[in-house]
Q: 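Below is the structure I would like to discuss, written out as structure tokens.
Labels below follow one simple rule: chain letters A, B, ... track the order of the sequence lines, proteins then strands, and each chain is numbered from 1.
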Amino acid sequence: MTTIVEARGLTKRYRGVTAVDGVDFQLARNTITGLLGRNGAGKTTLMHLLTGQEFATNGSITIAGESPVENPRVLQHTCFIKESQRYPDDFKPKHVFAAAPGFFPNWDADFARELAAELRLPVDRRIKKLSRGQLSSVGIIVGLASRAPITIFDEPYLGLDAVARQAFYDRLLADYAAHPRTIILSTHLIDEVADLLEHALVIDNGRILIDSPVDALRAHAATLAGPAEAVETAVAGLEVIHRERLGGFVSATVAGITDDVTRSARAAGLEVGPVSLQQLIIRQTGGTPTEHEEVTR
Amino acid sequence: MIATPTAPEALALAPRPLTTRVGTTVRLLFANPWTPVFTPLLILGIILLMNLAIWGLVRANIPADGEMAEGVNGGAFFLFVYMLVVAVQSINQAFPLALGYGSTRRDFLLGFGVFAVLLSVGYAALIATAAWVEESTGGWGIGLQFFSTDAIWRSEWLEAFGFGTLLMLLFFGIGAATAAVYVRWRALGMYVFWAGLVFLGIGGAALVTVLGAWEQVGAFFVWAGVLGTAGWSLVITAFCAVAAWVILRRATPSQG
């Protein structure tokens with residue numbers, strides 16, 4: 001693994017608010033990382049720090065070992081697509097696409113055209129007059145066609161319908177396979193992108209909560225369901241991150257599960273199911289106490 | 001999971017030449033050439049044609065022997081205010097976009113400087129040339145003063161061109177500095193900025209009055225002459241440019 005992004009004790013404080021709070025992490029080169037967390041968790045601030053648009057209060061963040069702040073050596077390799085991106089009032093999408101090659105040496109104009117057609121983006125209409133989804137399409141097209149070695153998408157899909165979102169995920173994956181690069185995807189729609197992500201970085205209240213390969217996350221969590229007594233026996237001594245009760249029936253989401261536990265649970269007649277990444281993250285960031293019992297009627 | 005087909009090559013950290021990076025900004029600012037070039041030229045053309053038509057009609061209906069003043073009209077000078085707006089919009093809207101696309105603040109500002117100089121020189125050359133043609137043709141044959149409203153425009157082409165360039169740069173500078181304050185400090189910055197400007201203006205005028213120095217102020221402008229005064233405006237332009245630079249170097253467009 002080659003580290004491309006590294007944060008050490010990274011802190012960003014605005015008047016009285018600590019948006020990013022002493023964060024340490026590393027991102028591997030040419031992987032897709034999901035930057036996940038609730039609204040206001042510090043995701044956007046983190047991405048602004050990564051692209052040198054914000055200045056760290058403390059600590060450091062580096063790209064290829066160098067600070068990104070006013071540093072063309074590393075910034076020339078970045079493309080940051082944000083949900084709230086503003087464009088000049090008089091611009092049409094075609095103007096954005098015409099200016100893009102200057103910023104991105106790897107820009108693929110044919111690819112951009114193809115994507116515009118697929119996403120049904122009217123390239124000759126004023127950006128101010130585009131719908132929310134079409135506006136998102138402009139960002140997605142630039143992000144993909146830029147082929148920037150470090151591409152960052154901050155909630156890029158706002159207003160896009162399911163078909164367009166799927167097109168984005170498919171294109172992203174295919175193009176990533178053909179042109180490997182480091183992609184950071186900040187999103188709320190965790191389950192939709194779960195299959196895309198190789199690494200998950202979950203941030204909450206400015207701190208990193210989970211920093212793990214997605215496979216490992218999934219492999220170590222499972223849902224055990226069955227009669228209450230049998231479930232309680234099986235999960236004894238394990239970390240139960242969520243518990244649902246329906247009459248005498250209990251479904252427990254367990255972290256740190258092992259093959260032995262799975263085997264004995266199955267032997268006890270329990271149903272052992274996978275946990276979706278979204279469920280896992282919601283359970284860990286929802287502020288729900290570990291032993292919280294949810295009574296489902 | 002996706003297999004990486006090739007081992008990653010090291011990230012090329014040699015920066016692209018400064019000219020390429022600055023050129024990228026210039027290209028972004030000219031990406032829609034209608035705003036900085038075609039639209040103002042079109043407006044200018046239409047105003048000129050309308051003035052020619054109206055003034056031609058007026059002339060045609062006046063007895064040939066009647067003495068007739070020349071038609072003086074400053075229609076061309078909307079260009080200066082228009083460019084101030086272009087400067088404001090470029091800083092306010094293109095700056096955050098360029099940063100998102102991996103530009104540095106420095107490269108953007110240098111590019112904006114090139115953009116401003118190119119447009120200033122271009123429009124000044126246009127106005128100076130048009131004023132010269134107007135003079136040589138006796139006001140397009142009908143005594144219309146559309147471009148050559150002041151003595152400075154009727155002097156040597158080079159003087160008119162120099163004056164136009166300096167004036168245009170001043171408008172770009174004021175626009176850039178004002179927009180920079182907005183980008184950095186938003187609405188609060190605007191309140192403080194305008195309040196400060198009004199305070200300075202009134203304070204300055206009061207100071208001159210108290211010192212009884214209005215004569216000296218008037219004498220300065222007489223001494224400097226039109227071109228000289230325009231030359232002194234470079235001080236303000238330079239101040240605006242430095243202010244825009246200093247302010248935007250620490251600006252964080254994300255807070256918008």
Q: Which one of A/Ser84, A/Pro88, A/Pro101, A/Ala99 has the most heavy-atom pairs closer than 4.5 Å to chain B?
A: A/Pro88
Q: Give a yes or no on whether B/Arg16 atom CZ has more than 12 heavy-atom contacts from other residues, nucleotides or ligands under 6.0 Å away.
A: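 Yes, the 6.0 Å shell around CZ holds more than 12 heavy atoms from other groups.
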Q: Output the distance between atom CD (B/Gln93) and atom CG (A/Asp89), rounded to the nearest 0.5 Å.
A: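 Here the interatomic distance stands at 4.0 Å.
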Q: Are B/Leu28 and A/Phe91 side-chain neighbours, meaning at least one heavy-atom pair lies under 4.5 Å?
A: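 B/Leu28 vs A/Phe91: side chains touch.
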Q: Can you say whether B/Ala98 sits under 4.5 Å from chain A via the side chain, the backbone, both, or neither, judging by heavy atoms?
A: both
Q: Evaluate whether atom CZ of A/Phe55 has more than 12 neighbouring non-hydrogen atoms of other residues, nucleotides or ligands under 6.0 angstrom away.
A: yes
Q: Would you say CE of B/Met50 has more than 12 non-hydrogen atoms from neighbouring residues, nucleotides or ligands within 6.0 angstrom?
A: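 Atom CE in B/Met50 is not crowded, with 12 or fewer foreign heavy atoms closer than 6.0 Å.
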Q: Can you tell me if CH2 on B/Trp194 sees more than 12 non-hydrogen neighbours from other groups inside 6.0 Å?
A: no
Q: When A/Glu70 is tested against each of B/Arg106, B/Arg249, B/Arg250 for salt bridge (charged side-chain N to carboxylate O under 4.0 Å, His left out), which residue passes?
A: B/Arg249
Q: Using non-hydrogen atoms and a 4.5 Å limit, figure out which bit of A/Ile152 sits close to chain B: side chain, backbone, both or neither.
A: neither
Q: With a 4.5 angstrom heavy-atom cut-off, could you sort out which part of A/Thr78 is near chain B: side chain, backbone, both or neither?
A: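 Both backbone and side chain.
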Q: Which value, rounded to the nearest 0.5 Å, describes the distance between A/Arg73 atom CZ and B/Leu13 atom CG?
A: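 Nearest 0.5 Å value for the CZ-CG distance: 5.0 Å.
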Q: Quick one: what part of A/Ala64 sits under 4.5 Å from any heavy atom of chain B, side chain, backbone, both or neither?
A: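 Contact with chain B involves both backbone and side-chain atoms of A/Ala64.
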Q: Please report the interatomic distance CZ(B/Arg21) to CD(A/Gln76), rounded to the nearest 0.5 Å.
A: 7.5 Å
Q: In the structure I gave you, are the side-chain heavy atoms of A/Leu75 and B/Tyr101 within less than 4.5 Å of one another anywhere?
A: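 Answer no - side chains too far apart.
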Q: Rounded to the nearest 0.5 Å, how far apart are CZ of A/Arg181 and CG of B/Leu11?
A: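 Here the interatomic distance stands at 13.5 Å.
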Q: Where the side chain of B/Asn32 meets the backbone of A/Asp90, is there a donor-acceptor pair that is under 3.5 Å apart?
A: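 Judged by distance alone, yes, a pair lies under 3.5 Å.
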Q: Counting heavy-atom pairs under 4.5 Å to chain B, which of A/Val142, A/Val74, A/Thr51, A/Ile81 comes out on top?
A: A/Val142
Q: A quick test of your reading: do over 12 heavy atoms of other residues, nucleotides or ligands sit less than 6.0 Å from CZ of B/Phe78?
A: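 It does: B/Phe78 CZ has more than 12 such atoms within range.
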Q: When you measure from the side chain of B/Arg105 to the backbone N and O of A/Gln53, does any donor-acceptor pair fall under 3.5 Å?
A: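 Yes; at least one donor-acceptor contact below 3.5 Å.
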Q: Quick check for you: among A/Lys94, A/His77, A/Glu66, which has the greatest number of heavy-atom pairs under 4.5 Å with chain B?
A: A/His77
Q: A/Pro72 and B/Asp107: which non-hydrogen atoms are nearest, and at how many Å?
A: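 So the two residues come closest at CB-OD2, 4.2 Å.
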Q: Could you tell me if the side chain of B/Leu97 sits less than 4.5 Å from the side chain of A/Phe103, heavy atoms only?
A: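 The answer is no; the side chains never approach within 4.5 Å.
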Q: Less than 4.5 Å to any heavy atom of chain B: does that hold for the side chain of A/Asn71, its backbone, both, or neither?
A: backbone
